[in-house]
Amino acid sequence: MVNGEIILKAKGLKKYFGIRRSISEVLARKPPRYVKAVDGIDFDIRVGEVFCLVGESGCGKTTTGRMIARLLPPTEGSLLYKPTRETLNKIPPGYADKDGYVDLSRKLPKKLDKLLRQEIQIVFQDPFGSLNPRMTVYNILKEPLIVHNIGSTESERREIIYRALTEVKLTPPEQFFERYPHMLSGGQRQRVAIARAMILRPTLVVADEPVSMLDVSIRAEILQLMLDMQKGRNLSYVFITHDLAVANYLCSRIAVMYLGKIVEIGPTDLVINNPMHPYTKALIAAVPEPDPKNRFKIREVPIKGEVPSAANIPPGCRFHPRCPYAMDVCRREEPPMIEVEPGHYVACWLHSKH
Ligand SMILES: Nc1ncnc2c1ncn2[C@@H]1O[C@H](COP(=O)(O)OP(=O)(O)OP(=O)(O)O)[C@@H](O)[C@H]1O
Ligand code: SF4
Ligand SMILES: [Mg+2]
C-alpha cells in the first residue's frame, strides 16, 4: 500500500450497549434501553497518517478503538479495512470487495481473522493492566510470535525479540528478558507494550491514551518513540486522547467526538487554528496555556454543565444543552456534517442552512 491510500473506512459505525432492565420495567413491557456509546460515525484513515480521536470522557473513543481492533463487534455500520497484498492473496473468495477491502464488522473465517489480528494492533492506556504480571518480558514478546508462527527456531525468535526491545530503546535488551512487569517503571512497561504491538509488523495501530497514565516527564519520549517507529514503515495510527495539545503535536488529522458522534473532523492545523464547532472551540479554550505567546489562539466562552449520559441523548444537536449558541432548530434537528473548507467538516447549524 502507498502513503495516502485509504486503509480504513468507517461508515455509519454504531455501538450500543444494552441496559439491564428492572423486573418492574420488564413487567410494564418498557422497551429495552441502550447506552449509545458510538452512534453513527464516518471517517477514513490513510496509510502513514496519525489520525486522532479526541473528546471528553465517555464520548466513545475507546469503544471506537476497540471496534477497529476487533475487540468489540459493531452494532451497525461497516469498517472497511484494506489488508496487505500478502493477506489479500490468502483471503477466501467473497470476503474482500473489488477494491480489496474487508468488512471488519462481519464474522470472518478463523484464518482470515488471525491474519487481520496480526495487521491491526492495539496499545492500551494502562500497561500494567495489559501485560501479564506472571510473564517475563521475553515471554510477553514471544507469545505473539508463537500465535502468529513468526520465527521457526528459538534463536530466530530471540533475535526478533532482541530487535523489538532495541527499537523501543530498552537496551541492552538481554537485561530486560527475564524481568517481570512489576520490575519495570511505567514508561518501560509501556515500551514493552509498544514492542509487543510492533513485533508483529502491523499496518494499523490503535493507541488508546498510551501516555495518559505515565509521568508527565516521560510522555514526550514515548510519543516521540511512537512517531519514530512509524518512519520507514507504512504504518497508520489511530491515536486516542482527551488532550488536544497531544493531538496537535502528533496527528495529521483530528476527529472531535461528542456523545458518540463526530462533530468536527479535518486536518489538524485547520481544526486547531480554525475550529468551527462550539464544542471544539471550548475544548481548545480549556487547554492550559503555559506559554504566554500561546500555542492555541482561540479563547472562547467555556461550555456549561456536564456531558449528558449516553443512555439519554438529547434530541436534535446532542450538544445543545451545553451550547451557548443553541437555536430552536438545534433542539429539534440533528445538524448534517458539511464541508466548510477542503477536508474540514463540521456538524453544526451555525454552518448549515436550516
Ligand atoms: N461494556 C460496556 N457496557 C456498557 N456501557 C459501556 C461499555 N463500554 C463503554 N460503555 C459506555 O459507553 C460510553 C463510551 O465509553 P468509552 O469508554 O468509549 O468512552 P471514552 O471516550 O473512551 O472515555 P474515556 O476518556 O473516559 O476513556 C460511556 O458512556 C461508557 O460508560
Ligand atoms: S448545532 Fe446548535 S447547539 Fe449544536 S453546536 Fe451548533 S449552534 Fe450549538
Ligand atoms: Mg477511553
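Whatever order the structure lists ligands and atoms in, that order sets their numbers, starting from 1.
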Considering only the protein, which heavy-atom contact is closest to [atom], and what is its distance?
atom: atom 26 (O) of ligand 1; value: S57 OG, 2.5 Å
atom: atom 14 (C) of ligand 1; value: G58 O, 3.4 Å
atom: atom 12 (O) of ligand 1; value: A37 CB, 3.2 Å
atom: atom 6 (C) of ligand 1; value: F17 CD1, 3.3 Å
atom: atom 15 (O) of ligand 1; value: T63 OG1, 3.8 Å
atom: atom 17 (O) of ligand 1; value: T62 CB, 3.7 Å
atom: atom 1 (S) of ligand 2; value: W349 N, 3.1 Å
atom: atom 11 (C) of ligand 1; value: V35 CG1, 3.7 Å

Residues, nucleotides or ligands: over 12 heavy atoms within 6.0 Å of R157 CZ: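 More than 12 within 6.0 Å, yes.
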Please determine whether the number of non-hydrogen atoms from other residues, nucleotides or ligands lying under 6.0 Å from atom CD of E159 exceeds 12.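 Check passes, neighbour count above 12.
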With a cut-off of 2.8 Å, does T62 put an N/O/S atom close enough to the Mg ion (ligand 3)?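 Of the N, O and S atoms in T62, at least one lies under 2.8 Å from the Mg ion (ligand 3), which means yes.
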Counting heavy atoms only, which part of C317 comes closer than 4.0 Å to ligand 2: side chain, backbone, both or neither?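 The answer is the side chain.
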For the residue pair Y16 and Y34, categorise the inter-ring angle as parallel (less than 30°), tilted (30 to 60°) or perpendicular (more than 60°).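 Plane angle between 30° and 60°, so tilted.
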Give yes if a backbone or side-chain nitrogen or oxygen of A310 is under 3.5 Å from a nitrogen or oxygen of ligand 1, and no if not.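 A310 vs ligand 1: no N/O contact under 3.5 Å.
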Side-chain donor-acceptor contact under 3.5 Å, E5 with N234: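 Their side chains do not contain a donor-acceptor pair, so the 3.5 Å distance test is not met.
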Centroid separation H277 to Y258 less than 6.0 Å: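 No - the distance between ring centres of H277 and Y258 does not fall below the 6.0 Å cut-off.
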Under 2.8 Å from atom 6 (Fe) of ligand 2, is there an N/O/S atom belonging to H320?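 So H320 does not bind atom 6 (Fe) of ligand 2 by this criterion.
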When R201 is tested against each of E119, E167, E86 for salt bridge (Lys or Arg N to Asp or Glu O under 4.0 Å), which residue passes?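 Between R201 and the candidates, salt bridge (Lys or Arg N to Asp or Glu O under 4.0 Å) is satisfied uniquely by E167.
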What atoms in ligand 2 come closer than 4.0 Å to a heavy atom of [X]?
X: P278; value: 5 (S)
X: L350; value: 7 (S)
X: F319; value: 5 (S)

Would a search of protein heavy atoms around atom 24 (P) of ligand 1 find one under 4.0 Å away?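 Looking at atom 24 (P) of ligand 1, one finds that a protein heavy atom does lie closer than 4.0 Å.
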Could you tell me whether atom 2 (C) of ligand 1 has a protein heavy atom closer than 4.0 Å?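 It does; a protein heavy atom is within 4.0 Å.
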